[in-house]
Structures are given as C-alpha cells and as structure tokens.
Amino acid sequence: MTNAQPQQNYYYINRRIGSTNYKVKVYFSDTERETMEEKILRMVKNDAMQNATECAIMNAPQMSRQSERSVS
C-alpha cells in the first residue's frame, strides 16, 4: 500500500505591511484558462463597477513633488 501525498497546487506568501503580517495561501488550478493578470483585472473592474457611487474624477493633479520642468 502506498502512502500517496495529495497534489499540492498552492503555496504561501508572507508579506508585512506596516506592523501587520499577512500570510496568503495562493491556489493554482490545472483546469483554469484565465491568466493571473486577466483575473486581477477582472476583479478590479468588478470592484469598481460595484462601488461606482464612491468613485469620482479628481480635479487636482495628485503629485507629491514638482515636475522636473518647473523652475525653482
């Protein structure tokens, strides 16, 4: 009798943001046809559509420093 291990299609990513540590389990599917990039773009688009009332166009440019072309 063989003691077979189940196929593991996942791994863990550990990230620290500020003082919080995150451990994320990433799964991979052998049958999925959507790439990771396509999935992320779809999720961002769906989130934006669901929260459309919270979105607006900013009138002021969001720059943290002066342009290199500006004269000091």
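Numbering of residues begins at 1 and proceeds along the displayed sequence.
Interatomic distance, Glu34 CD to Ile40 CD1, rounded to the nearest 0.5 Å: 10.0 Å.
Contact of the Lys45 side chain with the Leu41 side chain is not registered, since no non-hydrogen atoms from C-beta on lie closer than 4.5 Å.
Using bins of under 30°, 30° to 60° and over 60° for the plane-to-plane angle, the ring pair Tyr10/Tyr27 lands in the tilted bin.
Residues Val24 and Phe28 fall within the same hydrophobic cluster, defined by Ile, Leu, Val, Met, Phe, Trp and Tyr side chains chained together at heavy-atom separations under 4.5 Å.
When each of Glu37, Lys39, Arg33 is paired with Thr35, the side chain to side chain contact (heavy atoms under 4.5 Å, CB included) condition holds for Glu37 and for no other.
Between the Arg42 side chain and the Val44 main chain, no donor and acceptor come within less than 3.5 Å of each other.
Across every non-hydrogen atom of Glu32 and Ser29, the tightest pair is N-OG, 3.2 Å.
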